[in-house]
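Single-structure report; data block below.
Quick note on labels: first sequence line is chain A, next is B, and so on, each numbered from 1.
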Amino acid sequence: MKYIWEVFKFEYKGFVGAKSFRIVTIIFVCALLILTFIPEVVHQVSSLTSGADKAEKTKAAFVLGETALENELYTAAFAPDLLSAAVPAKWTDGREDGLTEEQLKEKVGAGDYLFAFYYNGGSEFKFYAPGNKITAYTSLAPLSVYITEVARQAAILELPETVRTDVARVAAIEAEPVIVDIGGNAENNFWIGYVLMFFLFYVIMGYSNAVSGAVVTEKTSKAMELLITVAKPVHLMVGKVLGIGFASLTQVGAMVAAAGIGIAVNLPRWKDLSPDLFDMLTGSNVSGALIGILLVYFFLGFFVYAFLAAAMGSMVSKPEEAASVMTMPMLMLVAGMALGFLTLSGVMNKTLAAALSYVPFFTPFCMISRYTLGDAGTGSIVLGAIVLAAAVCVVAWIAAKIFRMGVMLYGVKATPKQIRRALFG
Amino acid sequence: MIEIKGLTKNFGEKRAVDDLTLTVREGVAYGFLGRNGAGKTTTIRILMNVFREDGGVALIDGVPAYKEPKRIGYLPEERGMYSKRGVLEQLVYFGKLKGMDRETAAREAHAKLAEMDATEYTNNKLETLSKGNQQKIQLAAALLGDPDIIILDEPFSGLDPINAQVLKDAVRRQVDEGRTVIFSSHQMAQVEEFCDEICIIDRGHSVLEGNLAQIKRSYPRNKIRVEVEDTAAASVIAGAASVIAGAASVIAGIDPQSIVSVVPEGAGYTVTLDDPAHRNLLLHRLADAGIQVSAFFVIEPTLEQIFVERVGEKSEEKAIA
């Protein structure tokens, strides 16, 4: 363990201390912070550029017709304060200025008001707004809802006393969902499943390639010949994979932290900019259990592919050859992600999805998909982790044998016969 | 003591080491010679547990060598350290892999850098150093922990004379301190300078092994260097063939026919006798003839000549076979 620890520290320090690592991490952290701060930036830029004009442009006005003015309900409901609560704007009652419908229209055209409406009872109202002022039309929907409600109340009041109460009661009926969370809310976790698939795929792919690249570089520099005389190959390989694994976690952790802080700080702004996204972020079931499962499966999945990458990297002598030997592991990784997506989308038969979630190279993807869909219980998760951990040990053993043979091959690729001999003596 | 008995290693159809047997006594500087591809590096890599042997054994004090890697300081032929890492950082790393704690490894690293006259590069990245200085760092890494046995595989190749001298001094100190130094090279002059004992290996097996001085003495001692101070005497006996022949005409007891050749070289002559026993007679007769002899000694074969003769013989035998 001592030697693994020493190799681990050296590799971790080398990876994290590399200029390219630091630059990439800083760029990604900055990019994520910028991305999550976009609503705040939009808000600030909007405030700066609009300023007083904006207040001026959100002025709105209304005029009630003769018939509407005779109805107390209408005169009471169309008061500027009440309207402001339903439709945010600085409302002006046209009656106070003695405006007619025609004058109201002219004032909107002159830019005195951003928009206005004329209402004379019933279900119809006239909405005045310049066609090029798109922001005015965002108020149309809430205004329609408000006028509909007022018109509905007025209509009920006109009904005979005997039926008015019944109609009011019927009109007030509204469906009220009672949500019972049984721990597998697919709607909430569906998007998380996709995010996790991509996350696992890119992280495992990126850092597995980093492992194979590091092994080839070590071979190219001939440092391996010196190392192998003072440490066991399996210690070198495990230390290297752990070092790069934790370095990757450091990088990913910095990015996730940046994104998390950015989202947390800007959550209210996200609500203003994109209510749907806000609901998705706040309503999703990102529990501690999910994060724990993700971490376990990320590490185990990473180790399966990283040990394989170390063995593959040891079999070639030039960095440009590393890509060719990494093709097979990468294809398996792509297959794993594709199967994960098929599971998430419901295309995959559930029995087949369950079976595939115990195939080690696919387990990280398929099991997380099943968990986010609510199809994998605690037993399945634990069993999947055990299968994956056992696979890590087997792959590490095979990789160590190949690594031991491969690292001392210079200028040639390992032949199938050599690999067979390395594995079976 | 290192004992290699019947060592064999194959790479596919090719036999790299073929029933090799040799013994390296404790505290000697041992030259391990051979042409490129003779099997030197493979033998060393078996000693270092980089490869496992297909047959035979390699022992250090009776224990299989693969169990004793930390007793050996190794400077591989293929120079290899981390080009983008700091000098001290990687020396400490290698020290810790050799079993030292951090403080000891750091102390050792500083000491070895000072010994190599490379203290100024302590915090440099390896890639910023010249090839010679990188070589010094590599040797410093090999000497970490003061190992009993030091194996140097082509240690001076590609070095300028000044850096070569620094490394030679460092190697000399190891030899003087009584460590066993195995010196693998095909640069004969350097091996001759350092080594007490040698083994010449060709096509994977030993063709000559033993004490270098004894090996040299085992060669015919019939080649004599004669230098004369008296230029007049030289002029009297002028002419290559007549130098000794002229003397011989006045030297009773030496048949001029026993002188195979006389070749003038610089201030003297190289005389080849058919019988080494005649050299004392030759000296006496020269003195009797009144020729002022300033130097008279047997010319021993150089290691290079021995090497060419032994390896050449084997090559010719193979060619004939």
Considering all heavy atoms, the nearest B:Leu97-A:Tyr3 contact: O-CE2, 3.1 Å
Over 12 non-hydrogen atoms of neighbours within 6.0 angstrom of CD in B:Glu127: yes
Distance, nearest 0.5 Å, that separates OH of B:Tyr93 from CG of A:Leu227: 5.0 Å
CZ (B:Arg173) with more than 12 external heavy atoms under 6.0 Å: yes
Approximate separation, where rounding is to 0.5 Å, of A:Glu6 CD and B:Lys98 NZ: 14.5 Å
Heavy-atom contact with chain A under 4.5 Å, split by part of B:Phe94: side chain
Name every donor-acceptor pair, under 3.5 Å, that has one atom in a side chain of residues 113-126 of chain B and the other anywhere in the protein, sequence neighbours excluded.
from     : atom 1 : to       : atom 2 : distance (Å)
B:Glu115 : OE2    : B:Gln174 : NE2    : 3.3
B:Tyr121 : OH     : B:Asn133 : ND2    : 3.1
B:Thr122 : OG1    : B:Thr119 : O      : 2.5

By ring pair (Phe, Tyr, Trp, His ring centres under 6.0 Å) - contacts of A:Tyr305 (at least two apart): A:Phe361
Heavy-atom neighbours of A:Tyr202 OH exceed 12 at 6.0 Å: no
Side chain, backbone, both or neither of A:Lys13 within contact of chain B (heavy atoms, under 4.5 Å): both
Atom NZ of A:Lys232: over 12 foreign heavy atoms under 6.0 Å: no
Closest contact, heavy atoms only, B:Met100 versus A:Lys2: O-NZ, 4.2 Å
Contact summary for B:Arg85 and A:Phe10, nearest pair of heavy atoms: NH2-O, 2.8 Å
